[in-house]
2 protein chains.
Amino acid sequence: MLTGWRRNPNRFQFVTKLEGGILPDGTNMRTPYGLEIIENCLSCPHREERLFCNLPEQTVKALSAITSSASYPKGATLFVEGQPARGVFILCSGRVKLSTSSADGKTLILRISEPGEVLGLPATVTGTCYELTADVVEPAQSNFIARNDFLGFLKDNGEAALRVAQQLGETYHAAIAEMRTIGLSHSAGEKLARFLLEWAANYPEEKGQIRLKLTLTHEEIAQMIGSSRETVTRLLADFRRKQLLQVMGSTLIIKNKAALESIVTG
Amino acid sequence: MLTGWRRNPNRFQFVTKLEGGILPDGTNMRTPYGLEIIENCLSCPHREERLFCNLPEQTVKALSAITSSASYPKGATLFVEGQPARGVFILCSGRVKLSTSSADGKTLILRISEPGEVLGLPATVTGTCYELTADVVEPAQSNFIARNDFLGFLKDNGEAALRVAQQLGETYHAAIAEMRTIGLSHSAGEKLARFLLEWAANYPEEKGQIRLKLTLTHEEIAQMIGSSRETVTRLLADFRRKQLLQVMGSTLIIKNKAALESIVTG
DNA sequence: GCCATTCCGTGACAATCATCACGGGTGCCC
DNA sequence: GGGCACCCGTGATGATTGTCACGGAATGGC
């Protein structure tokens with residue numbers, strides 16, 4: 001457990017404690033990289049908008065007491081599928097990929113988590129093993145709460161327990177949604193269309209177009225829809241040819257939402 | 001709202017209130033069939049073993065006060081995907097199929113629920129729409145708790161809220177497990193093998209064999225693993241030919257678990 | 001016992017898509 | 001700047017499996 005100011009390549013940052021994540025090379029996580037550090041949940045930009053942070057000031061303070069903050073570089077691993085749950089990670093910034101994979105190396109990505117989400121919640125609450133692996137895809141800061149502390153906090157704090165239940169409900173909801181895209185489609189094209197539309201649902205529509213950021217490689221998209229890298233490449237090219245969408249780097253513009261919808265309808 | 005003793009084809013039964021399920025013909029559920037009626041959760045056989053029922057006597061009584069019990073025949077529908085959540089159904093006996101389906105009629109079954117499980121929990125807690133459809137496949141009795149009552153109860157009852165969170169976690173866990181069978185398999189055979197092994201996990205192994213009850217049609221199995229009825233038929237025949245298993249009516253015997261496992265491993 | 005419906009078995013066929021293979025592009029690090 | 005990863009594009013190929021079609025078995029209601 002480390003506490004104090006630490007030197008970084010770019011800047012200093014304060015690390016209250018350091019929860020052991022795992023670097024890509026298998027070593028423990030020890031070198032948080034420079035990020036915008038959120039020291040205090042009361043001033044966290046997500047406090048108002050996000051489910052779990054939006055609690056009475058009193059409660060947030062109680063949470064802070066058992067929380068340890070850490071930053072993780074791209075490629076770091078917060079936890080691994082099958083590991084006994086140590087506790088929850090509240091994602092303050094950055095993005096984290098949640099996935100599961102089979103013995104032969106095939107990977108299925110379930111979700112790209114955004115700030116405000118609580119990772120490892122189901123396993124921590126039920127006291128089982130993490131069912132997914134959490135990899136940082138965009139440098140992240142997260143608050144860790146150990147399982148025992150967390151459960152104790154919930155016991156003393158009915159409202160927080162309810163929030164946890166709600167967050168779990170939403171997580172489940174999202175899982176079912178992905179399930180639908182994977183399980184109910186007749187073709188890879190349908191899966192991709194479903195995926196794009198779901199993704200676009202978080203972005204505003206203007207003039208019949210939707211601009212969205214999609215910082216995923218074709219490989220990763222394939223892993224989200226249960227397909228192969230090559231088919232994703234081909235399908236995207238196909239969609240572009242048919243004027244359904246347009247790609248500029250990591251931004252994607254849906255030009256014909258109706259057509260995509262008609263693909264999923266069948 | 002009905003209260004009192006009601007005549008049934010076979011026997012009398014007591015119905016405290018009647019929560020509106022929907023019969024296969026679309027009419028509301030009004031004619032509960034003869035079942036072993038569980039009048040009192042304190043004497044419910046699942047009380048000790050199941051998560052949600054296993055609460056202090058005091059708490060269970062508080063629950064009873066807001067609970068209404070009803071019985072449903074095979075084919076009845078407890079709730080439908082997309083419907084605003086009215087509340088939760090605690091399954092006391094019977095079995096219920098949870099599924100989602102696409103516009104063109106393709107169906108994906110997520111789970112066959114057993115007594116003790118709480119149905120409609122995620123949607124009720126988050127205040128959204130039911131994400132699945134619940135159909136009775138084996139005559140069922142369930143306790144209904146309306147959303148507002150339920151949320152109020154949880155607020156006054158920290159421990160129950162925690163239990164709810166745990167139940168949600170388990171539900172999520174199960175969803176992820178099915179996700180894996182559907183999303184990580186290379187072939188339908190692999191999916192079927194995965195499915196059978198998961199199903200068998202609830203049954204004891206003796207002398208290298210596992211006897212299990214599988215009251216599902218090939219069609220339903222297909223809908224669980226995201227495949228077609230014909231391939232399930234063919235694959236089961238194939239497995240039988242290869243001496244991996246043996247089918248006698250609705251009981252299935254896994255004779256070579258190792259071989260099945262080697263199929264999923266790849 | 002008869003009719004109707006559901007369920008299971010099986011053949012033929014076509015389409016989709018995973019896989020392999022390879023090359024070109026881009027960025028990153030030394 | 002040279003090499004090394006990684007990512008994207010594309011062709012050829014073959015296995016898998018969804019789909020259609022049909023008949024027989026089984027089940028259940030009257």
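Each chain gets a letter, A, B and so on, in the order the sequences are listed, and its residues count up from 1.
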| task | Would you mind telling me which of C:dC7, D:dC7, D:dT16 lies closest to the side-chain atoms of B:Thr217? | result |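 The listed nucleotide nearest to B:Thr217's side chain is C:dC7.
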For residues 257-265 of chain A, dump all side-chain donor-acceptor pairs below 3.5 Å to protein atoms at least two apart in sequence or in another chain.
unit_1   : atom_1 : unit_2   : atom_2 : d
A:Lys257 : NZ     : A:Glu205 : OE1    : 3.4
A:Ser262 : OG     : A:Ala259 : O      : 2.8
A:Thr265 : OG1    : A:Glu261 : O      : 2.9

| query | Would you say D:dT19 has OP1 or OP2 under 4.0 Å from some side-chain N or O of A:His186? | reply |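 Yes, within the criterion.
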| said: I want to check one thing: is the phosphate of C:dA18, taken as OP1 and OP2, less than 4.0 Å away from some side-chain N or O of A:Ser227? | reply: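 Yes.
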| request: Check salt bridge (charged side-chain N to carboxylate O under 4.0 Å, His left out) between B:Glu81 and all other residues, then give those that pass, not counting sequence neighbours. | output: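 Testing B:Glu81 for salt bridge (charged side-chain N to carboxylate O under 4.0 Å, His left out), a comparison that skips the adjacent residues, returns A:Arg180.
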| said: Is it true that B:Thr100 and B:Glu131 share a donor-acceptor pair across their side chains at a distance under 3.5 Å? | reply: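 The criterion, which ignores hydrogens and geometry beyond distance, is not satisfied for B:Thr100 and B:Glu131.
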| Flag for A:Gln243-A:Lys255: side-chain donor and acceptor within less than 3.5 Å |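 The answer is no; no qualifying pair exists.
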| Heavy atom of residues 228-237 of chain B under 4.0 Å from DNA chain C: which residues? |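 DNA chain C contact set from residues 228-237 of chain B: B:Arg229, B:Glu230, B:Thr233, B:Arg234.
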Name the pairs: protein N/O against N/O of nucleotides 24-30 of chain C, kept only if under 3.5 Å.
none

| Who pairs with B:Glu178 by side-chain contact (heavy atoms from CB on, under 4.5 Å), at least two apart in sequence or on another chain? |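 If we apply the side-chain contact (heavy atoms from CB on, under 4.5 Å) test to B:Glu178, skipping adjacent residues, the hits are A:Met179, B:Leu110, B:Thr181, B:Ile182, B:Met224.
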| Can you list the residues that meet the side-chain contact (heavy atoms from CB on, under 4.5 Å) rule with B:Arg111, with sequence neighbours excluded? |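 Checked B:Arg111 against side-chain contact (heavy atoms from CB on, under 4.5 Å); matches are B:Leu98, B:Ser113, B:Glu117, B:Ala174.
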| query | With a 4.0 Å cut-off, would you call A:Asp238 and A:Arg234 a salt bridge? | reply |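 Salt bridge absent between A:Asp238 and A:Arg234.
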| task | State whether A:Glu190 and A:Arg194 are salt-bridged, where the test is any N-O pair (Lys NZ or Arg NE/NH1/NH2 against Asp/Glu carboxylate O) under 4.0 Å. | result |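 Salt bridge: yes.
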